[in-house]
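Below is one structure, written out as C-alpha cells, with a few remarks after it.
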Number of protein chains: 2
Amino acid sequence: MEDSGARMIATFRQRIVESHVSASTRGKEPARQARRKQQRVPSAASLSRRLRNSERKRAVILEAALETFSKYGIHGASIEQIALQADVSKTNLFYYFTNKEELYVSVLRNLLDLWLKPLRAFTEDQDPIEAIRDYLRVKLEFSRDHPAESRLFCMEVMQGAPLMLTELQQPLHDLVENKIAVIQTWIDQGKLSAVEPYHLIFSLWATTQHYADFRVQIEAVAGKTLDDPAFFTETLKSLETIILNGVSPR
Amino acid sequence: MEDSGARMIATFRQRIVESHVSASTRGKEPARQARRKQQRVPSAASLSRRLRNSERKRAVILEAALETFSKYGIHGASIEQIALQADVSKTNLFYYFTNKEELYVSVLRNLLDLWLKPLRAFTEDQDPIEAIRDYLRVKLEFSRDHPAESRLFCMEVMQGAPLMLTELQQPLHDLVENKIAVIQTWIDQGKLSAVEPYHLIFSLWATTQHYADFRVQIEAVAGKTLDDPAFFTETLKSLETIILNGVSPR
DNA sequence: ACGCTTTCAGACCAAACGGTCTGCTTTAGA
DNA sequence: TCTAAAGCAGACCGTTTGGTCTGAAAGCGT
C-alpha cells in the first residue's frame, strides 16, 4: 500500500514496452503460432478492410478515452464510462486494449507527438519574431482545438509523468536543446534581446496552454473562451504584445 | 452511471454548505443537544487546550491530504493512504472529517485563500512596473514554496472546478474585475503599454505557476528546479525581461 | 456448405475502497 | 473517585471497478 505509487509506475513502464510490440501486431499475432495445420492466407483486400475497421474502432475508443481521462483523470475515469462513451461494450474495449494502463498510455503516446510537433518548426533561418509569432498562433490553436489533449498532458506531467517520463525525458530534452541553440544564435546575432532561451520556451508553453488548461477559470473571469473567434484573436494579439515586445531587441 | 459526474458535483455542493457549518462547531455540537441532565461546562483552559490539539491534528491531516491529493488526484488518492501519511488511523481521520469530499473541499478552501492573496496587493498608487515585478516574485515564491497547492489548484480547475466553481466565480471575478480597473488606469496614464489587462493577468499566472505545475518537465529539460536558488533568480530575471519589457511603454 | 478465426456480449470474480459499528481508552468536570 | 463525553482503533460491510471466463455470432478462405 505505502509504495503503491512506485509499484504502479513500474507496472506502467513494463506495459509500455509490451504495448509497443503488441499494439502494432494485434490481430495478426495468433497467426504466427499454430500455423502448420492450414495455410489460411487472407486476401489483401479483406485483410486491409478488417484492419481498417479494427483501426477505426481503436480510434473511436481512444477518442472516448482521451475525452474521459482528461475530464476525470486516470483514476476518476472508469473503463465502463469510456466504453459507454465510445459506444462499445466493456468486454469489447478489453478486446482492443489489454488493460486500463495500456489504453491510457496509448492515448498519451498519440498526445506527445501532437504536442511536440509545433516546436520542430523552429529553425535558424527564420526571422525569430515571425517564428515566435507563428509558434504562439499554432500553440494557441492547439489549445483551442485540442483542449482535452492539453489538459491530459498537463495532468500527466503534474502527477510526475509516471508513464511518459522516459519518453518525455530524452526526446523532449534533445528537441529543446536543439531549439535552445537556435534561439541562442538569434540572440547572438542581435535579433532577439538577451533572454535565457529556456525561459522563453517555458513562457511560450505556459501562456498558450493556460487558455486550455485553465479554461473554466478564464471563463469565470473573462466570460469568454478561445472558441469565441474575437477572443481568440484578442488573446493572440495580447500575447504577441507582451512576449514579442519583451524579446524584441530595443 | 452516465451522469455520475454531475451527480457527484451536486453532492459536493451540498457538502460544501454542510461543512461550512459543521466544521467550525465540531466538537461542541453534541453539547447542544442532551443538555438538561447535567451542566457540564468545561473550563476555558481545558477547552482551548482540547481545541488546540484538535486543530493541530486537523492541520496534520489536511497537510497530508494536500500532499496526497496533489500527487494522485482526488480519485487516485485513498483515504487510507492519507491517514497513513498523517500517521492517524482511517477511523480517526473520519472522526475529524465526515467524508472524503469534505476533506478535499477543506483542503481546497485553505488553498484558495492562499492563492488569491498576492493579487490583492495590486493597488493603483503603486508604480505598475514595480507592482508587476513584485507580483512575479511573490507568485514564483509561491510556486517554489507551495508546489503541492499550486498543482492541486491546477488539477481542480482543469477538471472544471466542480467544487470550487461557486466559490471561484464570484470572489475571483470581483477581485480580477477590480484589478483590471487598476491596470487600465495605469495604461490610461501611459505608465503601461496598451495591453488587454485580462491577458496580462493570465500571463502572469500562467508563467509563474508553470514552474510548479510542470516541474518535472522543467526538470527534464533544464535539469533544475526553483529549489535551486540560482535557477530561481535566473527564472525571475527572465520573466521580468520578457513580461516587463513587453508591457513597458516604449 | 464447412470450419477456422475474429469479434463481441453477459455473467461473473476478486480486490480496493469509502464509510460504519462497536467498544475500549483517555480526559476532565464534579 | 466517579462519570460523561471526547478520542480513537479493529473488525466489518456494501459498492464500485478493473479484469476474466464462457460462449455465441459474424467474417472469410476453401
Side-chain angles (χ1 to χ4, degrees), chain A residues 1 4 7-8 11 15 26-54 56-58 61 72 74-84 86-104, chain B residues 1 4 7-8 11 15 26-51 53-58 61 72 74-84 86-104:
Chain A
M1 161 54 62
S4 74
R7 209 177 50 237
M8 192 184 290
T11 313
R15 295 287 164 84
R26 178 173 311 282
K28 289 174 284 184
E29 207 148 20
R32 285 190 310 190
Q33 313 220 343
R35 245 344 42 147
R36 203 156 305 256
K37 29 168 69 175
Q38 193 163 3
Q39 276 296 348
R40 168 79 57 102
V41 179
S43 74
S46 78
L47 193 82
S48 80
R49 183 162 10 110
R50 274 219 160 155
L51 227 61
R52 258 206 323 278
N53 271 335
S54 174
R56 202 190 314 140
K57 202 152 196 174
R58 270 181 79 88
I61 295 172
Y72 305 101
I74 181 176
H75 300 285
S78 76
I79 289 286
E80 192 148 352
Q81 210 176 340
I82 294 170
L84 221 70
D87 202 39
V88 300
S89 73
K90 199 173 73 162
T91 321
N92 199 189
L93 188 154
F94 276 118
Y95 177 76
Y96 288 97
F97 298 90
T98 57
N99 53 39
K100 196 181 190 180
E101 294 130 356
E102 198 215 303
L103 175 58
Y104 185 72
Chain B
M1 163 52 67
S4 73
R7 211 175 50 237
M8 191 183 292
T11 313
R15 295 288 166 80
R26 179 172 310 283
K28 288 174 285 182
E29 206 148 21
R32 284 192 310 192
Q33 316 221 339
R35 244 345 41 143
R36 202 158 304 258
K37 32 167 66 175
Q38 192 163 2
Q39 276 295 350
R40 165 83 55 105
V41 178
S43 75
S46 78
L47 193 80
S48 81
R49 183 163 9 110
R50 275 220 159 158
L51 227 61
N53 271 336
S54 174
E55 283 308 310
R56 202 190 314 140
K57 203 153 196 172
R58 271 181 78 89
I61 294 172
Y72 305 102
I74 182 177
H75 300 286
S78 75
I79 289 287
E80 192 150 353
Q81 210 177 341
I82 295 170
L84 220 71
D87 203 40
V88 300
S89 72
K90 199 173 70 162
T91 318
N92 198 190
L93 189 152
F94 277 118
Y95 178 76
Y96 288 95
F97 298 90
T98 57
N99 53 37
K100 197 182 188 179
E101 295 131 355
E102 197 215 304
L103 175 58
Y104 185 71

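Each chain gets a letter, A, B and so on, in the order the sequences are listed, and its residues count up from 1.
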Starting from [atom2] on [N], measure out to [atom1] on [X] and report it in whole angstrom.
{"X": "B:Y96", "N": "C:dG18", "atom1": "OH", "atom2": "P", "answer": "20 Å"}
{"X": "A:Q81", "N": "D:dT16", "atom1": "CD", "atom2": "P", "answer": "13 Å"}
{"X": "B:K57", "N": "C:dT26", "atom1": "NZ", "atom2": "C1'", "answer": "12 Å"}
{"X": "B:I74", "N": "C:dC17", "atom1": "CD1", "atom2": "P", "answer": "14 Å"}
{"X": "B:E80", "N": "C:dG18", "atom1": "CD", "atom2": "C1'", "answer": "10 Å"}
{"X": "A:F94", "N": "D:dC21", "atom1": "CZ", "atom2": "C1'", "answer": "14 Å"}

Using a cut-off of 4.0 Å on non-hydrogen atoms, how would the nucleic acid contact of B:A77 be classed: base, sugar-phosphate, or nothing?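 Sugar-phosphate contact only.
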For [N] and [X] - does any side-chain N or O of the residue sit under 4.0 Å from the phosphate oxygens OP1/OP2?
{"X": "B:N99", "N": "C:dG18", "answer": "no"}
{"X": "A:Y95", "N": "C:dT7", "answer": "yes"}
{"X": "A:N92", "N": "C:dA9", "answer": "yes"}
{"X": "A:T91", "N": "C:dA9", "answer": "no"}

Is there a side-chain contact between A:T91 and A:F94 in this structure, where contact means two heavy atoms from C-beta onward sitting under 4.5 Å apart?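 Answer no - side chains too far apart.
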Contact check, side chains of B:N99 and B:E102, non-hydrogen atoms, under 4.5 Å: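 A side-chain contact exists here, since the closest heavy-atom pair is under 4.5 Å.
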Would you say the base of C:dG19 and the side-chain of B:K100 have a donor-acceptor pair closer than 3.5 Å?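 Check fails, no donor-acceptor contact within cut-off.
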Could you tell me whether the side chain of B:K90 has a donor or acceptor atom within less than 3.5 Å of a complementary atom in the base of C:dG18?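 Under the 3.5 Å cut-off, the side chain and the base do form a donor-acceptor pair.
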From C:dG19, D:dG18, C:dC8, nucleotide with atom closest to A:S78 side chain: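 In terms of side-chain proximity for A:S78, the closest of C:dG19, D:dG18, C:dC8 is D:dG18.
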